[in-house]
Amino acid sequence: MSGRNAKEPKGVKLDHISKIYQNPKTGKDFYAVHDVSLDIKPGSFVTLLGPSGCGKTTTLRMIAGFESPDEGEIYLGGEPINELTPNKRDTAMVFQSYALFPHYNVFDNVAYGLKLRKVPAAEIKERVTNILKLVELSDMEQRMTNQLSGGQQQRVALARALVVEPGVLLFDEPLSNLDAKLRVQMRTEIRRIQQALGITAIYVTHDQSEAMAISDNIILMKSGVIAQMGSPTEIYYHPNSEFVADFIGECNFLPCTVNGREGADVLCRVNGHPVKVRSDTDKMGEAEIVLRPEAIEIADEGQLPCKVELSCFMGSYQNYHVRVGDTLVKIADNCPIGKKVFNVGDDAYISFRSECSHLLET
Amino acid sequence: MARAQGASLDRKKLMGDPVMVTTIVLLITFLTLFILYPLAILLVDSFVGDGTFGLSVFKRIFQMPDFTRAITNTLKVGFVVGILSTAIGLLFAYVEVYVKMNKGVGGLFKLVSMLPVVSPPFVLSLSMIMLFGKSGLITRFLLGIYDNNVYGYWGIVIVQTLTFFPVCYMMMKGLLKNIDPSLEEASRDMGATRWKVFRDVTLPLLLPGLGNAFLVTFIESIADFANPMLIGGSYDTLATTIYLQITGAYDKSGAAAMAVVLLLITLAMFAVQKYYLEKKTAATLTGKASRARMMIEDKSVKIPLTIFCSISAIFVIMMYICVPIGALFPTWGYKFTPLTFKWFEQVFTKYRGLEAFRDSFVLSLIAAPITALLSMIISYLVVKRKFKAKGFIEAVSMLAMAVPGTVLGVGYIRGFSGGIFHTGFLQGLYGTGAILVIVFIVRSLPTGTRSGISALRQIDKSIEESAYDMGANSLQVFTTVTLPLIKDSFLSGLVTAFVRSITAISAIILLVTPSYLLITVQINEFAEKGAFSIACAFATILIIITYGSVLLMNFIIKHFGTSRKVKEVEQE
């Protein structure tokens with residue numbers, strides 16, 4: 001940032017972290033987070049993704065220090081921080097509700113953390129001005145926070161967290177209060193700023209498209225445990241379970257029998273028809289083919305015969321539900337204009353390229 | 001599963017925050033020493049007061065016919081006052097929320113709800129005697145009745161009802177406004193008459209709330225000391241009996257045991273009210289009014305209700321006005337003209353009024369900010385923080401709400417006159433201004449805490465968390481974020497504490513020593529002696545002080561309150 005040497009980003013390590021809560025209804029203890037281990041590289045953008053109640057927010061709050069882990073140790077930049085209170089941790093959080101101070105104007109909101117750090121007034125002025133420029137709020141310094149739109153409030157919250165140059169930036173579903181269009185715009189902004197500053201960011205969301213768009217790595221959680229971690233492409237095309245496949249976008253599961261190998265692919269049969277699926281498994285027998293709707297083509301000829309049960313024009317794609325044997329398969333046929341459109345009741349064939357498919361052992 | 005590590009980390013984090021730890025320790029000490037300990041010593045006294053441990057003291061007091069009669073009297077008065085206040089309060093609230101009134105009547109209602117807040121507790125007793133007593137303005141001069149007796153059961157019932165119904169009115173108003181009009185419209189739409197709608201829809205929804213209002217009034221009534229003292233005559237209630245037991249009969253263990261009995265009654269009521277009815281009220285009335293209600297304009301409903309309420313309101317206001325006017329007559333009951341300021345002069349020349357006002361004013365002025373700050377700190381800890389002793393702090397500060405002033409007074413006499421546990425430790429406290437200030441604080445703390453808690457609940461928890469996360473310690477979070485956000489609540493807590501302190505009497509009258517002259521105690525003395533004109537003069541000045549401070553508070557909140565900036569912005 002404008003001639004100043006920004007601080008080194010820090011890595012975050014969770015070492016077998018668990019958090020136990022009591023169910024208020026039954027009085028029984030349960031694991032809100034169970035044995036979670038993570039190693040987040042300095043400067044990377046990692047998303048904790050999952051349905052509500054999966055433990056992602058609890059994990060984030062443990063990193064911030066608002067909750068204390070019942071098992072395990074958290075490291076920030078190599079230092080154990082379990083015993084540090086939130087105000088002593090080198091983290092800054094952007095809250096879902098923005099949590100701006102309603103009695104301060106934009107400038108004072110952003111300057112708050114610097115004032116606590118006893119930064120000289122001139123430097124505060126410079127740093128706040130710079131950061132407001134970065135989030136494109138330069139002319140709003142004197143506004144009260146309730147004079148701002150939701151998106152602008154979100155930018156103030158981001159600026160307030162960024163200005164203290166934290167070792168790691170934490171986001172707790174920061175975009176869930178914005179409307180859909182603004183959400184898309186803001187996530188691009190957040191990614192741009194994070195990359196410009198090279199800061200470490202941990203981001204919690206339940207929105208899979210947001211997670212895909214923004215992250216270097218996604219950690220998908222379910223019932224307090226990590227279901228899968230990896231890059232967006234890995235998670236999208238190589239889900240390790242039905243849950244992951246289904247949570248990250250729409251997915252079809254086609255039962256098959258594996259009976260051979262050919263290069264990078266395995267040879268399978270679906271209802272007797274041969275198909276190739278990308279997989280490194282050497283287990284033969286029953287399995288499931290994971291297919292994304294947009295990876296399937298429908299035509300008069302192809303690999304697997306099917307019957308059309310629904311055909312619906314969606315604008316950017318034609319949406320089909322077809323029956324392959326006993327299994328319902330959803331297809332998104334992109335750019336339908338000029339292609340043959342199948343109607344309900346028609347017989348057709350589906351086919352897919354092996355590299356767009358993935359095998360799940362059952 | 002072991003939660004030990006999390007708990008120990010939480011503890012370590014707390015210990016790493018010295019301001020927080022000190023605050024909690026000081027709070028616990030304060031609450032234990034000045035709320036729990038005085039009540040505990042009453043138990044100790046009543047079980048071992050006669051030398052040996054046992055029920056002998058209780059046996060003795062239950063054999064006193066005066067005491068058993070006082071119990072019946074208290075419960076009877078409390079019950080009737082509870083019913084009457086709730087009914088009148090409901091009527092007023094219904095008229096305000098449902099019936100289209102003209103502005104003048106609305107103004108009357110507002111005044112009625114305001115008056116009991118700013119006036120000392122026994123003003124109505126005073127004016128009741130002056131208007132309807134033996135030489136009462138109305139009874140003797142208007143109606144020619146020479147031997148009307150206002151003292152006793154009916155006197156207490158009327159005066160307490162008039163004092164407490166505005167509280168019920170405010171409570172019911174809040175509830176009625178929360179009823180979604182579409183519920184009633186649905187019932188109307190299906191063919192119910194207005195009366196049936198009220199009986200089958202509105203009333204059942206309100207029932208827990210009515211029960212709540214009834215119990216709150218009941219507790220207020222049985223804890224009331226000033227009114228029964230002035231207008232009760234020979235009709236003694238528990239509060240006055242305890243007072244006489246300790247000031248007249250010097251039976252300290254007996255008084256302690258009686259105080260325990262009174263405390264048990266109010267605690268039981270309080271427990272029902274707090275843990276059963278309050279929750280039920282909240283459960284039945286969760287809906288916010290989705291839109292404005294169609295006001296009743298039907299003349300057959302509107303005219304009688306409005307007239308009845310207006311007349312009652314005017315009557316109440318007249319009772320209050322009687323006090324300042326009474327202070328202007330040369331001799332009450334005999335000579336009405338020319339109006340004179342001689343009583344006001346005498347307050348200062350003859351009756352050490354300046355001293356009394358100075359003492360009351362200074363002590364209340366010390367107590368008010370401490371109370372307001374303490375209640376905000378307690379609310380902050382209760383609403384926003386997580387720590388082990390939180391339940392204790394919340395419970396004890398709420399407990400104080402259920403403790404009648406007389407009980408607290410006796411507890412302080414027994415607990416501090418001979419030092420802590422009669423050992424002489426901290427004995428120096430007794431008889432000082434400090435102990436009066438502490439009583440003022442303890443008496444106003446629950447109200448302040450309650451309003452602080454409800455103010456803080458409306459503030460998003462993550463605002464404070466974000467300050468904490470940005471590097472602020474507990475003290476900085478509280479002073480830079482919490483306090484500015486609840487400034488209005490703090491200011492009104494400040495004034496409420498001041499007004500409550502300067503008008504307090506029940507606990508204070510037991511603890512005050514000749515070195516302090518307090519206005520309320522003075523007024524009580526003069527009224528007891530029948531020196532009504534001078535009592536009225538004292539009371540008038542007191543009302544001016546309290547009303548002035550309320551006006552000042554409203555002015556400050558309007559011009560310097562937190563909501564100001566926000567409001568201005570919204571208007572732009």
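Lettering of chains follows the sequences in order, A, B, ..., and the numbering in each one begins at 1. Remember, predicted model here, so these are calculated numbers, not experimental data.
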> Is there a side-chain contact (heavy atoms from CB on, under 4.5 Å) between A/Tyr104 and B/Thr480 once you walk through the steps?
Replying inline: CA-CA 10 Å; A/Tyr104 289 156; B/Thr480 61; 3.8 Å; yes
>> Please classify the contact of A/Gln96 with chain B as side chain, backbone, both or neither, using a heavy-atom distance under 4.5 Å.
In response: neither
> For B/Lys461, is it the side chain, the backbone, both or neither that has a heavy atom under 4.5 Å from a heavy atom of chain A?
Replying inline: neither
>> As an exercise, state the distance from OG1 of A/Thr85 to CG of B/Asp17, rounded to the nearest 0.5 Å.
In response: 6.5 Å
>> Run the side-chain contact (heavy atoms from CB on, under 4.5 Å) test on B/Met470 and A/Asn87 for me, step by step, so that the C-alpha distance in whole Å, both residues' side-chain angles and the decisive distance to 0.1 Å come before the verdict.
In response: CA-CA 6 Å; B/Met470 298 308 295; A/Asn87 54 330; over 6 Å; no
> Side chain, backbone, both or neither: which part of B/Ser474 has a heavy atom under 4.5 Å from chain A?
Replying inline: neither
> By a 4.5 Å heavy-atom criterion (distance strictly below it), what part of B/Ala7 contacts chain A: side chain, backbone, both, or neither?
Replying inline: backbone
> Which region of A/Leu84, side chain (C-beta onward) or backbone (N, CA, C, O), has a non-hydrogen atom less than 4.5 Å from a non-hydrogen atom of chain B, or is it both or neither?
Replying inline: backbone
> How about residues 57-64 of chain A versus chain B: which residues have heavy atoms under 4.5 Å apart?
Replying inline: A/Arg61, A/Ala64
>> Once rounded to the nearest 0.5 Å, what's the spacing between atom CZ of A/Phe101 and atom CD of B/Glu464?
In response: 9.0 Å
>> What part of A/Leu100 gets within 4.5 angstrom of chain B, counting heavy atoms only: side chain, backbone, both, or neither?
In response: backbone
> For A/Arg143, is it the side chain, the backbone, both or neither that has a heavy atom under 4.5 Å from a heavy atom of chain B?
Replying inline: neither
>> To the closest 0.5 Å, what do you measure between OH (B/Tyr468) and CZ (A/Arg89)?
In response: 9.5 Å
> Do NZ/NE/NH1/NH2 and the carboxylate oxygens of B/Lys13 and A/Glu67 come within less than 4.0 Å?
Replying inline: no
> Does any non-hydrogen side-chain atom of A/Arg160 lie less than 4.5 Å from one of B/Ser466?
Replying inline: yes
> Looking at B/Asp460, B/Val481, B/Leu14, B/Asn473, which makes the most heavy-atom pairs under 4.5 Å with chain A?
Replying inline: B/Val481
> Is there any residue in residues 387-396 of chain B with a non-hydrogen atom under 4.5 Å from a non-hydrogen atom of chain A, and which ones are they?
Replying inline: none
